[in-house]
Amino acid sequence: MFFFLADKHVLAMAVLRLLSSMIELTAAVLMLKLNRVDAALKINAVLALVGPTVMMTVMTLGLWGLAGKIAPAKMVTIIVGVGLIFYGVRQQ
């Protein structure tokens, strides 16, 4: 392996991101194979669910790894920031 990963939280976060990228690549190949707009839109709709789910899971793992290492006020600030990201990108 190229990097020594001492922290299990970092390893889990990286593995989830790698899994997410494999799902995205598989979806792109599947879109090209099917070669239909309706099928591509359905695949894209599924990806719209995968992306935020992966982000929240990775963020949760990161916060779990930071728990006890940073002040509670900073932890609340991070959680509020993540909430604001989702509030800012939500559909009207």
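What's counted below: heavy atoms across the whole structure, side chains too, no hydrogens, waters or symmetry copies. Nothing fancy with the numbering, it's 1 onward along the sequence. In this text the structure is predicted, and so the values were computed from the model without any measurement.
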Inset, instruction - Could you list all the ring pair (Phe, Tyr, Trp, His ring centres under 6.0 Å) pairs where at least one residue sits in residues 28-79, not counting sequence neighbours? - result: His9-Trp64
Inset, instruction - State yes or no: do Met55 and Ile78 share one hydrophobic cluster built from I, L, V, M, F, W and Y residues joined by side-chain heavy-atom distances below 4.5 Å, directly or via other members? - result: yes
Inset, instruction - Please check if Met59 and Val50 belong to a single hydrophobic cluster, counting links between Ile, Leu, Val, Met, Phe, Trp and Tyr side chain heavy atoms closer than 4.5 Å. - result: no
Legend entry - Side-chain cluster (under 4.5 Å, hydrophobic types only) that Leu25 belongs to, other residues: none
Inset, instruction - Just jot down the side chain to side chain contact (heavy atoms under 4.5 Å, CB included) partners of Val15, sequence neighbours excluded, or say none. - result: Leu11
Inset, instruction - Go through the structure and list residues passing side chain to side chain donor-acceptor pair (under 3.5 Å) with Asp38, not counting sequence neighbours. - result: Arg36
Legend entry - Residue pairs involving residues 23-52 (criterion ring pair (Phe, Tyr, Trp, His ring centres under 6.0 Å); sequence neighbours excluded): none
Legend entry - Between CG on residue Asn44 and CG on residue Leu49, distance to nearest 0.5 Å: 10.5 Å
Inset, instruction - Please list all pairs passing the ring pair (Phe, Tyr, Trp, His ring centres under 6.0 Å) test where one or both residues lie in residues 22-42, with sequence neighbours left out. - result: none
Legend entry - side chain to side chain contact (heavy atoms under 4.5 Å, CB included) partners for Met75, two or more places apart: Leu63, Leu66, Ala67, Ile70, Ile79
Inset, instruction - Would you kindly confirm whether Val54 and Leu19 end up in one hydrophobic cluster when ILVMFWY residues are joined by side chain heavy atoms under 4.5 Å apart? - result: yes
Inset, instruction - Go through the structure and list residues passing side chain to side chain contact (heavy atoms under 4.5 Å, CB included) with Ala27, not counting sequence neighbours. - result: Ile43, Leu47
Inset, instruction - Report the hydrophobic cluster partners of Leu32, with the cluster defined as I, L, V, M, F, W, Y residues connected by side-chain heavy atoms closer than 4.5 angstrom, directly or transitively. - result: none
Legend entry - Residue pairs, two or more places apart or on separate chains, that pass side-chain hydrogen bond (donor to acceptor under 3.5 Å, both in side chains) and touch residues 15-25: none
Inset, instruction - First locate atom CG of Asp7, then atom CE of Met13, and finally report the distance between them rounded to the nearest 0.5 Å. - result: 9.0 Å
Legend entry - Within residues 16-43 or reaching into it, pairs that qualify as ring pair (Phe, Tyr, Trp, His ring centres under 6.0 Å) - sequence neighbours excluded: none
